[in-house]
A.B. asks: 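Mind having a look at this structure? Questions to follow.
Computed from a predicted model, the values in this text were never measured in an experiment. Each chain gets a letter, A, B and so on, in the order the sequences are listed, and its residues count up from 1. Side chains included, hydrogens not; waters and symmetry mates left out as well; all remaining heavy atoms used.
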Amino acid sequence: MAIRFYNTLTRAKEDFAPLAPGEVRMYTCGPTVYNFAHIGNFRAYIFEDLLRRHLKYRGFKVTQIMNLTDVEDKVIRACRETGEPRESLTKRYIAAFFEDLDTLGIERAEQYPAATDYVPEMVALIKTLRERGHTYEHRGSIYFKLDTFPQYGRLSHFRIEDLKDGASGRVDLDEYDPESAKDFALWKAYVPEDGDIYWETELGKGRPGWHIECSAMSMKLLGESFDIHTGGEDNMFPHHENEIAQSEAATGKPFVRYWLHCRHLMVEGRKMSKSLGNFHTLRDLVERGYNPMAIRWVLIATHYRQPNNFSFDALEAANESLQRIQDFRRRLADVRGSGSDLREEMAACETAFGSALDDDLNVSAGLAAVFNFIRDTNKLIDEDAISKAGAAGALALLDRLHSVTGLFAGAKDDAVPDEIQQLVLERQKARRAKNFAQADAIREHLTAAGWIVEDTPDGPRVKRALERVI
RNA sequence: GGCGGCAUAGCCAAAUGGUAAGGCAGAGGCCUGCAAAGCCUUGUAUUCCCGGUUCAAGUCCGGGUGCCGCCUCCA
């Protein structure tokens, strides 16, 4: 069955076929590096991670580009307020961003171009637009003239005349320069507030507008037409709409074939906001002792086009689910007997999982397939009806599905320290002597140290308790 | 004011118009010295409310209610 994606452009699920067979070129809108990213940002990055991983799982060669916006109003404001030079400020937050990606097990894109490294490309693109009559100048800034691009609004399904100037409250219309508030800046003339953040170019002294970087970098690195472009739903308008206008007006070619947008994250049923006190950066949660993989689970387990309700109850549930998977892996690793090689069960699981993901990344249905497999296989393990090869195959299956979801890894640190092992042995001795009081005391001691003992027919098994809330 | 989306059990969350997956939590049981893990059983689910279409509606249509996103630089 074909892979299908919901394309914002057509508002329908479409069969996916890349321009070049076997190769997918995708551009995923990245962070503005003026602050630590919050978990809402990471919902988008994890959705994009799932997308690239599933495409790879399906055999595509993936080239993913994610931009780093290191010059933009908020960056400049942060520099002005802190007095820190732009270079060092953005460098710090870029480093933090990559740390966060690692924390959540997000695979690296092929390239992370920074906007400031592509100023010449942006200038060239703006010059092309100027030559083609799509721009006008106003007080040294260069704007895109929307009425030269009649297709404007095709992605967000907005009609220009329906847009209400300033309705978002973000623009002070009295101070707004262009001929129409809907025209957007390609190049912004230098103002004193910009400090030392400017470029001397053929377009004058100033800096690029926000939207132009994505057009310039994506077309430079992926070609004038490419397969997939993603972002959060808020990027649909105006950012992506403007990218389409800039790119297609400049090249005359279709810019992007599949536009995928993910819905926002809510926290405890409300929109995440500082004033509601439910605003969380990844770092906050990790510092508070939450398991990063449980965070990944919560962020990934809801279909990307559904609003995802992040809650601490859900985080706890995700932690338990991870524990269940790790226990399952441990049981498989201990299988020694003979019996079923699980061939049919594994095929059924992987088929169900794969077709769920093929269907617009329906990860919830995919997880259900995995849990069904886990339950059925656990039953067989209880009955001692699985071969060693079958258990090894099941572990290999989990590894394959892990490559898509990043959720099915084994326990990170299975090495049991000698002193813990010693206590386990002592406890076992006490149990053999029917000295259960002592055995239980040792067990409590182990639990306090973060280790859980399970008595099995093959003897005691010790595992580390998963990280959880402190 | 305009455009778009969502509402499924205590929580999280799936479901080509064909009779409501899965996870977590809770309850009972098997197993266990006791646990843990695992398994079994367990949720009358009025699928937000009111109408309608249909042999059949969580799903389609209309009207409410609530929430979310966008309307110039927020994933």
A.B. asks: Between B/rG23 and B/rA15, how far is it from one C1' atom to the other, in whole Å?
C.D. replies: 16 Å

A.B. asks: Produce the list of close N/O pairs, under 3.5 Å, pairing protein atoms with atoms of nucleotides 5-8 of chain B; give distances to one decimal.
C.D. replies:
| unit_1 | atom_1 | unit_2 | atom_2 | d |
| --- | --- | --- | --- | --- |
| B/rG5 | O2' | A/R263 | NH1 | 2.4 |

A.B. asks: Check every strand shown and say whether A/G40 touches a base, only sugar-phosphate, or nothing at a heavy-atom separation below 4.0 Å.
C.D. replies: base

A.B. asks: Looking only at side-chain atoms of A/R443, point me to the closest of B/rC12, B/rC34, B/rC24.
C.D. replies: B/rC34

A.B. asks: Cut-off 3.5 Å, no hydrogens considered: what does the side-chain donor-acceptor table look like for residues 29-37 of chain A, sequence neighbours left out?
C.D. replies:
none

A.B. asks: Between B/rG33, B/rA25, B/rC12, which one does the side chain of A/R431 approach most closely?
C.D. replies: B/rG33

A.B. asks: Between B/rG38 and A/D327, counting only base atoms on the nucleotide and side-chain atoms on the residue, is there a donor-acceptor pair under 3.5 Å?
C.D. replies: no

A.B. asks: Say we look at B/rC24 and B/rA36: how far apart would their P atoms be, to the nearest angstrom?
C.D. replies: 15 Å

A.B. asks: Checking only heavy atoms, does the side chain of A/R331 share a donor-acceptor pair with the base of B/rG38 at less than 3.5 Å?
C.D. replies: no

A.B. asks: Under 3.5 Å, is there a donor-acceptor pair linking the side chains of A/Y136 and A/D183?
C.D. replies: yes

A.B. asks: Would you call the rings of A/F312 and A/H280 parallel, tilted or perpendicular, taking 30° and 60° as the class edges?
C.D. replies: perpendicular

A.B. asks: Classify the nucleic acid contact of A/D455 as base, sugar-phosphate or nothing, counting any heavy atom under 4.0 Å across all strands shown.
C.D. replies: base

A.B. asks: Would you call the rings of A/F97 and A/F42 parallel, tilted or perpendicular if under 30° counts as parallel and over 60° as perpendicular?
C.D. replies: parallel

A.B. asks: Stacking between B/rA75 and A/H264, yes or no? Criterion: centroid separation under 5.5 angstrom, plane angle under 30 degrees.
C.D. replies: yes

A.B. asks: Assign the ring pair A/H134 / A/F144 to parallel, tilted or perpendicular, where the plane angle (0 to 90°) is split at 30° and 60°.
C.D. replies: parallel

A.B. asks: Could you check A/R375 against A/D313 and say which one's nearest nucleotide on RNA chain B is further toward the 5' end?
C.D. replies: A/D313

A.B. asks: Out of B/rC68, B/rG33, B/rC71, which nucleotide sits closest to the side chain of A/P238?
C.D. replies: B/rC71

A.B. asks: Assess whether a salt bridge exists between A/D440 and A/R443, defined as any Lys/Arg side-chain N lying under 4.0 Å from an Asp/Glu carboxylate O.
C.D. replies: yes

A.B. asks: Is the A/Y152 ring parallel, tilted or perpendicular to the A/F237 ring (thresholds 30°, 60°)?
C.D. replies: perpendicular

A.B. asks: The side chain of A/R324 is closest to which nucleotide in this list: B/rA75, B/rA14, B/rC39?
C.D. replies: B/rC39

A.B. asks: Select one nucleotide: of B/rC40, B/rA75, B/rG33, the one nearest the side-chain heavy atoms of A/N41.
C.D. replies: B/rA75

A.B. asks: Tell me what A/F158 touches on the nucleic acid: a base, only sugar-phosphate, or nothing, going by heavy atoms under 4.0 Å.
C.D. replies: base

A.B. asks: For B/rG18 versus B/rC71, give the span between their P atoms, rounded off to a whole number of Å.
C.D. replies: 37 Å

A.B. asks: Across the strands shown, which category fits A/M266 at heavy-atom distances under 4.0 angstrom: base, sugar-phosphate, nothing?
C.D. replies: sugar-phosphate

